[in-house]
Amino acid sequence: MIDGTHAPTLKSWVASANGHPDFPIQNLPFGVIQPRGETRRGAVAIGDSVVDLARLRDSGLLSGTAQAACSLAAQPTLNDFLGAGATIRRALRVALSALLAEGAPLRPGLLHEAAACRRHLPARVGDYTDFYAGINHAANVGRLFRPDNPLMPNYKWIPIAYHGRASSIRISGEPVRRPLGQIMASGVDSPAFGPCQRLDYELEMGIWIGAGNELGEPVRIGAAADHIAGYCLLNDWSARDIQAWEYQPLGPFLGKNFQTTISGWIVTPEALAPFRTGQASRAAGDPQPLPYLYDETDRKSGALALELEALLTTVEMRAKNIPAHRLSIGSSRDIYWTPAQMVAHHTANGCNLNPGDLFGTGTISSRTRDGLGSLLEISNGGKEPLKLPTGETRTFLFDGDEIILRAHGRREGFASIGFGDCRAVLTPALESPV
Ligand code: MN
């Protein structure tokens, strides 16, 4: 479904969009902004500006399906727009592309400077599920505990996940506070309550659910991609010490739910069409997915080839104007299950999804050392400190550290697009109660 909106030669009259690393005219991701002194409304990123969809709705420039789509996308949350499906989304994309293209009349009245607007979560997230589909991460973490048998026997049969916490999802830029919790140190026989000492990030992609399904009615694998409205970056902050003590037998809880940071722009399946790719081939001896998880089209084109990066800055680095240190560079192809397989599995028992539900893919790591998606892996379980350009070292995060996640699609013959930053600074823990 490559069309004129993807043409690499297409330029915009919004000058900052041309050659923009994230938001050229070929991207057009959706989000929610609040211009100074005004209410929240939907917006589309273009270069260093945003298109105010409430102004566009009221401008009389659109008609038909594009106008109906714009009315939905102009709302203070995008749930209705996400739920409306691909036809609506495409109509607005095509109209925006024409409106913003070089040669079209300049309409600066529709724009704000992105930096002058507050940004909000793009949708009300009713439910959040975090998968564990980054197979190299799962193997690396498993190896720390079970050197001979890193992956559990179910891993290659089931897209493993847990139900996360929707209330603590925050948009990029909001600080995250070091959590307090119950920690069992080694060599003692009772746990203590205090600040997390092993605070980590997890580099993940987020998947926005569009159209939902009725309770009791599974989404078939062949239709599952139609239920995905877009993608973002997701940092699943993880308190490794709290997690290690609490997770058995029911899984992650307070070690994960204190905060999750996502990038604010929803990058659509349409924008990502040039970066679709086949599912990475399964290793020899891996089982075929069960029929309810298998679709030939999905296998051939249901994955995404995106470059993923994690970067770190410290207080000292920022004070000395030292650029962010790249912790990893990897690929979204290192995900064992496609987004469609996640949707099909999540609903296979009749569980219902709603517009604006969010999935995390699980931490995405490469097979190689330069693409590990968490400090747990980079520091080999906290044993091998990482050295920064200032001479500082890290196994886990210090107060004042900032983690920045980035994603880009790059392919010969197409304009590169990006997701915008997913970033947050770590602030000190509250003082422990007595
Ligand atoms: Mn995770």
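Counting starts at 1 for both ligands and their atoms, following the listed order. Computed from a prediction, not measured in an experiment: that's the story for all the values here.
Around the Mn ion (ligand 1), the protein atoms of type N, O or S found under 2.8 Å away are D130 OD2, E202 OE1, E204 OE2, D236 OD2, listed by chain and number.
Ion pairing between a basic and an acidic side chain is recognised when a charged N comes within 4.0 Å of a carboxylate O; K256 and D236 show such pairing. With respect to E202 and R240, a salt bridge is recorded, a charged nitrogen being found less than 4.0 Å from a carboxylate O.
Ring pair Y155/Y336 is tilted by interplanar angle, where 30° to 60° counts as tilted.
In this structure, R198 is not positioned above the aromatic face of W245 in the sense of NZ or CZ being under 6.0 Å from the six-membered ring centre and within 45° of the axis. Both tests pass for R394 against the ring of F398: distance under 6.0 Å to the centre and angle within 45° of the axis.
With sequence neighbours left out, the salt bridge (Lys or Arg N to Asp or Glu O under 4.0 Å) criterion links R90 to E270.
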